[in-house]
Amino acid sequence: MPLTLVLEQLLNGVQFGVMLFLMAAGLTLVFGIMNLVNLAHGSLYMMGAYLTVAAVQWSGNYLAGVALGLFATLLLGMLVEVVALRTLYDRDHLDQVLATFGLILFFNELVAILWGRTALDLARPDWLQGHIELFAGSRYPLYRAVVIGVGLAVAAALWYVVTRTRLGMLVRAGASNRSMIAALGVNIRLLYTFVFGIGAALAGLAGVMAGPIYAVQPGMGELILIQVFVVIVIGGIGSIRGAFAGALIVGVVDTLGRAFLKPLLGTVLSPAAADAAGPALASMLIYLLMAAVLALRPEGLFPSRGGQ
Amino acid sequence: MDTGSGTLIDSAQDSLEENFMMRKTFFAVAIAAAFAASPAMAQQKLKIGFITTLSGPAGIIGKHMKDSVEVALDQLNRKVGGLETEVIYGDDQFKPDVGLQVAEEMMKKNGVDIMSGIIWSNVMMAVQPAVNKAGVIMVGTNAGASPLAGAGCNELYFSTSWNNDQTPEAMGKFMQESGVTDVYLMAPNYQAGKDMVAGFKRYYKGRIVDEVFTRVGQPDYQAELSQLRAKNPKNVFVFYPGGMGVAFMKQWSEGGFRGQFPLYSVFTVDETTIPALKHAVLGQYETKFWSPDLKVPASQKFVADFQKKNGYLPAFYGAQSYDGIMLIDSAVRAVKGNVKDTKGMVLAMRKANYNSIRGKFTFNVNHHPIQNFYLLKAVAGAGGKDPVMEIQKTVFENHKDSYYKDCKMKW
């Protein structure tokens with residue numbers, strides 16, 4: 001197979017990985033720091049997309065709409081934390097799973113009532129249309145290249161905040177030992193609300209970027225949530241670094257598997273067998289990877305230091 | 001401990017109340033029975049159980065179906081077959097086990113006389129045996145599972161839609177006759193996806209560049225599209241229903257594939273997905289048995305009433321569901337409201353004696369319609385509105401499905 005095709009597929013994998021990272025970063029922060037299993041993270045992704053569609057329509061300007069939509073998602077995340085999740089920190093994970101599953105149903109019905117069940121169109125502005133030529137003969141959508149850029153920029157910013165700022169220090173301290181930092185006089189409740197809001201905004205950003213290429217529809221969050229959990233398990237729970245590595249690994253492995261597994265199998269198996277096994281194996285690949293990581297390094301590839 | 005004993009007491013109370021309620025209902029029924037006039041008198045109320053998907057991404061399809069049933073009821077003055085009618089809607093959540101549970105509840109608790117609806121073949125395969133075993137008629141209004149058209153056909157099962165294979169067969173025939181060659185096939189990796197490809201290949205005999213099956217519910221097709229471009233086929237045929245279709249079509253248009261490769265599809269572009277896709281569908285070819293612009297009086301009346309009531313254009317999912325209610329109406333009229341006469345209703349339904357949205361048609365021996373299939377194209381809507389599907393030509397006239405010979409029913 002030609003090298004350019006492999007390069008293009010690698011790029012596709014990185015782009016998918018970047019989307020997964022935005023989702024995983026918020027989820028892993030919440031899980032690692034607040035010890036909260038938040039199944040409703042996908043709903044915040046969906047709300048990000050819907051609120052942005054509404055804001056773009058209202059303001060008539062794409063960038064203003066995106067900024068407004070993300071800010072609204074941040075506020076919504078904080079509201080959800082204060083109203084619904086605060087009471088759950090001391091409960092066990094099963095209660096959290098049940099309660100946040102309830103939130104999924106709530107948000108899915110809410111968007112169906114407010115915006116209807118038809119998928120919505122979040123159009124890209126003209127300056128994000130078109131393609132770029134990365135190497136001769138390839139036509140890579142400009143929008144996807146921008147998604148990669150934004151995702152990497154967010155990853156860099158997160159890395160800076162977590163490792164180089166006072167806020168990041170508190171976040172890391174909270175992940176290591178929350179009763180200790182509470183004893184040292186840090187307002188852990190406020191910190192939790194803020195962290196949850198940031199996580200929501202990151203999920204919202206993923207939703208906003210997904211809007212023009214996927215369908216903005218009720219239940220869109222659940223389609224991607226499972227892969228995000230795989231990313232977190234592979235990367236190590238509570239670790240941003242792990243989420244980044246895990247997301248890129250899952251994105252690239254899944255994409256390359258979908259693209260090349262069938263032709264590769266075709267070289268050793270009969271065409272009919274490759275036709276049957278290829279797609280089935282490709283969709284299993286990331287789960288096999290997760291199982292392997294769990295068997296060899298149960299803590300994930302980059303476990304957060306300190307632990308629970 | 002506290003909560004434990006509390007629950008015990010609660011449940012004990014519940015069951016006491018339940019017991020009391022049951023006795024009350026029993027007496028109510030007994031009294032009603034005592035006061036009932038002659039036992040030969042036909043029943044006064046008709047209950048129809050209608051199962052579809054009302055939640056999740058596929059909920060939009062259920063909405064089209066439910067809104068269409070309501071249009072049918074309005075046109076019949078809320079009296080199907082002249083009887084006071086109650087339609088009980090159930091949500092299968094796109095899951096066979098839930099669909100079966102809902103159907104059981106409708107039959108046992110609500111005591112429905114007839115069942116209808118159901119979008120998904122796998123849900124139908126779970127629900128139909130239970131419904132028919134209970135002696136209740138099932139009028140399927142979308143699912144087109146092949147076993148039910150063939151060896152698994154049933155006296156009590158009717159379809160107002162089609163068999164899964166027929167629509168892609170029409171596309172295969174059209175592409176074969178148009179001299180289209182070097183086709184690249186894409187579909188989700190599940191039974192219907194495989195059926196669509198098989199149906200397509202039954203009539204298309206030209207070269208196939210590759211067949212690609214993707215994960216069900218997959219949101220991103222960029223990897224597959226890169227592969228497609230590398231293979232450089234002359235034409236592309238896809239089957240991506242619902243939300244998958246929205247994502248696929250957006251990425252098709254975003255990647256600059258429109259204009260580069262002619263795209264032919266089935267069950268991908270329709271009135272449920274066009275509002276999300278807008279101009280991305282322009283020029284798209286589909287085959288279908290029906291389109292809102294079909295020049296049939298019953299269909300035009302349905303579309304007009306539907307648009308007036310709901311403010312949007314109905315999709316074929318809705319048209320079939322409207323048709324299901326009208327078929328039931330004709331059968332209930334034929335037995336003069338005595339819906340316990342199941343045999344009489346089956347005989348009446350076989351005549352297809354009603355104004356169908358597809359025009360006059362006959363049922364095949366397997367209770368599936370023998371009907372036309374058309375080539376549709378997405379064209380710009382009038383006055384800058386969303387694109388609309390327009391019938392280009394008739395591909396099949398009175399097309400029979402490929403399974404009816406396996407059906408052993410005689411009538």
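To find a chain, count down the sequence lines: A is the first, B the second, and so on, and within it residues start at 1. From a predicted model like this one, the values you see are computed outputs, not experimental measurements.
Counting heavy-atom pairs under 4.5 Å between each of B:His64, B:Met249, B:Gln251, B:Gln227 and chain A puts B:Gln227 at the top. Note: A:Pro212 leads A:Ala282, A:Ala210, A:Gly278, A:Pro212 in heavy-atom pairs under 4.5 Å with chain B. Here B:Glu254 is the residue among B:Glu254, B:Lys278, B:Arg215 with the most heavy-atom pairs under 4.5 Å with chain A.
Counting heavy atoms from C-beta on, the side chains of A:Gln217 and B:Ile60 never come closer than 4.5 Å.
A:Leu120 touches chain B through its backbone: at least one of N, CA, C or O sits under 4.5 Å from a heavy atom, while the side chain does not. Contacts between A:Gln129 and chain B at a heavy-atom distance below 4.5 Å are absent for every atom of the residue. Both the backbone and the side chain of B:Ser226 come within contact range of chain A, with heavy atoms under 4.5 Å apart.
Contact detail for A:Pro141 and B:Gln222: the closest heavy-atom pair is CD-NE2, 3.7 Å. A:Pro279 approaches B:Asn189 most closely through the heavy-atom pair CB-ND2, 3.5 Å.
In this structure, B:Asp220 does not pair ionically with A:Arg258, as no charged nitrogen and carboxylate oxygen lie closer than 4.0 Å.
At least one donor-acceptor pair closer than 3.5 Å links the side chain of A:Arg117 to the backbone N or O of B:Leu54. Counting only distance, with no hydrogens or angles, the side chain of B:Lys250 and the backbone of A:Tyr214 share a donor-acceptor pair below 3.5 Å.
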